[in-house]
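The next block holds one structure in the form of structure tokens; read it before the comments.
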Protein chains: 2
Amino acid sequence: MQRESAPVKITTRDRILNAAIARFSRHSYEATGLRDIAADVGIDVAYVHRSFGSKERLFAAAVEASLQPERFFAGAKADLATDLTNHVLARDPVRDADEIAPLDIVVHSLSSPEAASVLREVVVRNFITPLANKLEMSSQTPASLIASLLLGVGILRSVLGVAPLCDADRAALQQMLAEQVASLCAAKPQEPQVAAAPASVGVEAEA
Amino acid sequence: MQRESAPVKITTRDRILNAAIARFSRHSYEATGLRDIAADVGIDVAYVHRSFGSKERLFAAAVEASLQPERFFAGAKADLATDLTNHVLARDPVRDADEIAPLDIVVHSLSSPEAASVLREVVVRNFITPLANKLEMSSQTPASLIASLLLGVGILRSVLGVAPLCDADRAALQQMLAEQVASLCAAKPQEPQVAAAPASVGVEAEA
DNA sequence: AGAACAGGTCAACAACTGTTGATATAAGTC
DNA sequence: GACTTATATCAACAGTTGTTGACCTGTTCT
């Protein structure tokens, strides 16, 4: 036993958590069984359940461990748009199927009452709020729209596997996406906007 | 029995389909049981299964019936951005919880191998491709990004119930979202872009 | 040695899922 | 009346799922 260096003892609990992150990052909350996770670790189902109390608490721990704000907002403010889009586009959904990006767990686990109730809180606390802070904005709406866009791209790319997003040229896609994010980053923190009509926003086909 | 007017006979099959649309538009594919649908119609499980062959085929029929291109692309090209954002923002996710918007089924049913494989094809065929056509674009990438943004907003608003999107002023949100859609509508159909570096897109905090 | 305790296993529970075979009921056709 | 077809039901299957109680096995502390 060394004194100075940390024990770095990898507990079974940690291995369960990592296996859970891997599973929930690839399949939906409902499609991920505790037995699958147990098999990955090589232990009994009962123990993975007991280690975290319930499936939902295990999922909550996995989301919390994946969605750490410092992973997204460590860089300079000027690089934010590029950094964020990189997080979504970094992993090629077909080529790098075995890698795991921090946002994958939100994208894949979605849509079941239990999963949604866990995600609701964490997404706001660990992503939208830090993002709005970084942008020095009082309103969280633009940050929420950025989150929406990134989430949508993540789902269409790596859950649905929509061709135009999977096969598109990476640089061109990155450029187009980053422009949208940057535009939202620069959005005016406009007040409730008392009496301005919804104002149809026209589409100019020729740029 | 009248001659001229159509029989308008509402078959049990139709009632099953409508109940399925309602269920899948509110809960995930996996969380929606055939027994729930059967109970809504007031019949036995066996019959809802037999009427469509399998749960997956019933889901496919429900998606097909919900996601009809003419619902989204009937208006003028100039109103497209406003129309599309209206489809996502029209229904207040908490106040109008009992209404069903055509896009809800895509948003809520997401994320399970079976559901994803059904959605993959239909979303491209019934939304992205018609949208790219309406925009007279050769590339489907901008249309896919629009779909991403709308899907993301839908999920954050009505699945996760993220506060900044639910409570935000409708007009302001509509304005901000429509601007993004319009900007993507006007995207240049740029070629694979041979040798341009990813080009960090800066964020100007002060607009 | 003996007690205490975390780490881990085993078998089983009750509830649920989509699916299927056998069967009834009713209407329309020959 | 007999035969077919669509409509619908019943009961049950086989396979899941998360969860629980009882038990075993080492280690550590006293």
Side-chain angles (χ1 to χ4, degrees), chain A residues 1-3 7-24 26-63 108-118, chain B residues 1 3 7-24 26-63 108-119:
Chain A
M1 263 223 231
Q2 289 149 307
R3 263 277 181 89
V8 267
K9 179 101 165 267
I10 301 174
T11 66
T12 308
R13 198 174 189 276
D14 293 335
R15 296 168 60 217
I16 293 174
L17 184 60
N18 287 333
I21 292 174
R23 285 277 172 183
F24 285 127
R26 270 189 260 278
H27 311 288
S28 80
Y29 175 81
E30 321 213 39
T32 299
L34 295 187
R35 281 166 177 84
D36 302 326
I37 297 172
D40 289 347
V41 181
I43 57 171
D44 193 89
V45 210
Y47 195 61
V48 23
H49 180 268
R50 285 199 150 79
S51 300
F52 288 84
S54 74
K55 181 186 182 180
E56 189 168 348
R57 279 210 284 274
L58 171 56
F59 176 64
V63 173
H108 283 93
S109 66
L110 261 172
S111 205
S112 100
E114 296 103 319
S117 72
V118 170
Chain B
M1 264 220 226
R3 261 278 179 88
V8 266
K9 180 98 164 272
I10 300 174
T11 65
T12 308
R13 197 174 189 276
D14 291 335
R15 296 167 60 217
I16 294 174
L17 184 61
N18 287 332
I21 291 174
R23 285 276 172 184
F24 285 127
R26 270 188 260 276
H27 312 286
S28 79
Y29 175 82
E30 321 212 39
T32 300
L34 295 187
R35 281 168 177 83
D36 302 326
I37 297 171
D40 289 347
V41 181
I43 57 171
D44 193 88
V45 210
Y47 195 62
V48 22
H49 180 267
R50 285 199 150 77
S51 299
F52 288 85
S54 75
K55 182 186 184 182
E56 190 169 347
R57 279 210 284 275
L58 170 56
F59 175 64
V63 174
H108 283 93
S109 67
L110 260 174
S111 205
S112 102
E114 295 102 319
S117 71
V118 170
L119 288 176

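First the proteins, then the strands, lettered A, B, ... as listed; each starts at 1.
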NA contact type, A:S51, heavy-atom cut-off 4.0 Å: base, sugar-phosphate, or nothing?
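No contact.
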Select base, sugar-phosphate, or nothing to describe what A:T11 touches, counting heavy atoms under 4.0 Å on all strands.
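The residue A:T11 makes no contact with any strand.
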Pair B:V63, B:I21 - check side-chain contact (heavy atoms from CB on, under 4.5 Å), show working.
CA-CA 7 Å; B:V63 174; B:I21 291 174; over 6 Å; no
Restricting to side-chain contact (heavy atoms from CB on, under 4.5 Å), what partner residues turn up for B:A116, sequence neighbours left out?
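For B:A116, the residues satisfying side-chain contact (heavy atoms from CB on, under 4.5 Å) (neighbours in sequence not counted) are A:V159, A:L160.
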For B:D44, give me all partners under side-chain contact (heavy atoms from CB on, under 4.5 Å), at least two apart in sequence or on another chain.
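Once residues adjacent in sequence are excluded, the partners of B:D44 under the side-chain contact (heavy atoms from CB on, under 4.5 Å) criterion are B:A46.
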Among B:N18, B:V45, B:L58, which residue satisfies the side-chain contact (heavy atoms from CB on, under 4.5 Å) criterion with B:I37?
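So the option named by the test is B:L58.
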side-chain contact (heavy atoms from CB on, under 4.5 Å) with B:I16: which of B:L34, B:T11, B:V48?
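Considering B:L34, B:T11, B:V48, a side-chain contact (heavy atoms from CB on, under 4.5 Å) with B:I16 is found only for B:V48.
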Residue pairs involving residues 28-40 of chain A (criterion side-chain hydrogen bond (donor to acceptor under 3.5 Å, both in side chains); sequence neighbours excluded):
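As it turns out, the side-chain hydrogen bond (donor to acceptor under 3.5 Å, both in side chains) pairs with a partner in residues 28-40 of chain A, which skip direct neighbours, are A:R23-A:D40, A:S28-B:E30, A:E30-B:S28.
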I need the full list of side-chain hydrogen bond (donor to acceptor under 3.5 Å, both in side chains) pairs touching residues 45-56 of chain A, with sequence neighbours left out, sorted by first then second residue.
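Not a single pair qualifies under side-chain hydrogen bond (donor to acceptor under 3.5 Å, both in side chains).
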In whole angstrom, what separates [X]'s [atom1] from [N]'s [atom2]?
{"X": "A:H27", "N": "D:dT17", "atom1": "NE2", "atom2": "C1'", "answer": "16 Å"}
{"X": "B:R57", "N": "C:dG18", "atom1": "CZ", "atom2": "P", "answer": "15 Å"}
{"X": "B:F52", "N": "D:dA6", "atom1": "CZ", "atom2": "C1'", "answer": "15 Å"}
{"X": "A:Y29", "N": "D:dT17", "atom1": "OH", "atom2": "C1'", "answer": "11 Å"}

What residues from residues 12-22 of chain A pass a heavy-atom cutoff of under 4.0 Å to DNA chain D?
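None - not one residue of the stretch has a heavy atom sitting under 4.0 Å from the strand.
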Would you give a per-nucleotide map of nucleotides 10-17 of chain C, 5' to 3', where B means the base has a protein non-hydrogen atom under 4.0 Å away, S means only the sugar-phosphate does, and - means neither?
B-B----B
Drop me the distance from A:H108's NE2 to A:L110's CG, to the nearest 0.5 angstrom.
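The distance works out to 10.0 Å.
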So, is A:H49 near the phosphate of D:dT19, with a side-chain N or O under 4.0 Å from OP1 or OP2?
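Yes, A:H49 has a side-chain N/O under 4.0 Å of OP1/OP2 on D:dT19.
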